[in-house]
Amino acid sequence: MSELQIILGNIIITIGVIFMMFGALGVFRFKTFYTRLLAVAKTDTVGALTIIIGLAVRQGLTFFTGKILLLAIILLMFNPLVSHILARSAYLSGYNEEEK
Amino acid sequence: MTQILLIFLIIMGIITVLERNIARIIIYLAIFSLIASVGYMLMGSPDVAMAEAIASAFTVIFFIICFEKYFSFTDAVIGSGGIARRRIIPLIFTLVLFGAVMYFRPISYDTMYLGDLYIANFTYDVGGTNPVTAIYLGYRVYDTLFEALVVVISVVAAIHLSAFSDEQMKTGKIITKETHSEVHDSGLAVYAIQIICPLMLLYGVYLVLNGHITPGGGFQGGLAIASFFICRYMIYNVTDLPISKIIRMEEIVFVSITIFAVSIVFLGAMAYLPEHLYLNFQIGYMLIMNALIGLKVACGFIILFYRYIVIEHDGVEL
């Protein structure tokens, strides 16, 4: 049972890392600020969440798992909010694309 | 290995002095700091090596950013000179240095004796269960005093580099529009940050007060406390913090940190205590130092934020 937990946890963590790599690839390939923000907002949230779930599966039910699941809930609530604030502030400040 | 590194250091110094291209000198200084940092590692002090690496990284980045405003940095580095000076000599130098580091492997277990000494003895010497706090409050508290001084000076420098002088601020003729927090208009952001803001303050105080048990300490906790005040401006759009009083408080806290640390650590007050009070005294010392450092760092960041974002919003014209 413990072996299966570790293998399954490792697989989920690897999937999460692949999501993060797609986000990083998006930052390098996209040309404008808003599309880069779009790529990063989704993939960072989902990737971090997947890594945390993988860690929770690996460790079983301990205090550590409780702490990181609380962290996952906070991440799920506030990471999209931060992207929203960034995009909104950039739009309202009149961020120009030529000023890179 | 140390001898080879020192010879490289001398060669790098000579090349830096003889070079006339400013952009190349910046790069050579970065290489100089790198070699010095590896040398500190070899001589058994990894904390100094880390400080040197961080300092050199930041100064080089700062120089390059300032340089880029007027000239193109890469064009300046690969400037005049033949193919040998431009490409071949840097390439040979990089390959030799990289090969030397990989071959001689400066990070080995014999050079970590200071780290092992700290980790083995810190519970008795300094107290608590966090070795990082034991190092920056016990073994290397001198560094911490100067780090605090650097924070104070950088806040003062950032304020004086700002566009308007204090006199112009006081007459008040230059601010033509009120600063307005754009986040305040977004109901979604206000609703969500209202929930998390008190938790940020609580978390910052937790980090400061538990710095000797869990990872944390004065510097990190101070930043979390400052972020509470920044969020308060962002969501409620109030600018009612008395900045001059906060500046005065930061200076008083810094002086008290220095007096407290010097009187306890350097005058050896701990050696005259009876044995059963020793542990409480150590923990009290670390608690008070962490609290003072947290307060100082929080005040510094609040001052920077308010000076630049609230008072100098949009760079208004005179």
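Values in this document were obtained by computation on a predicted structure and should not be read as measured data. Below, chains carry the letters A, B, ... as their sequence lines are ordered, and counting in each starts from 1.
- Judged as a ring pair (Phe, Tyr, Trp, His ring centres under 6.0 Å), and not counting sequence neighbours, the contacts of B:F67 are B:F71, B:F73.
- Among the residues in residues 49-86 of chain A, those with a non-hydrogen atom closer than 4.5 angstrom to a non-hydrogen atom of chain B are A:F78, A:L81, A:H84, A:I85.
- Using a 4.5 Å cut-off between non-hydrogen atoms, no part of residues 18-30 of chain A approaches chain B.
- Atom CZ of B:F301 has 12 or fewer heavy atoms from other residues, nucleotides or ligands within 6.0 Å.
- Shown here for B:E182 and A:R88, the closest heavy-atom pair between the two residues is O-NH1, 2.7 Å.
- At a heavy-atom separation below 4.5 angstrom, chain A is approached by B:D185, B:S186, B:L188, B:A189, B:A192, B:I193, B:I196 within residues 184-210 of chain B.
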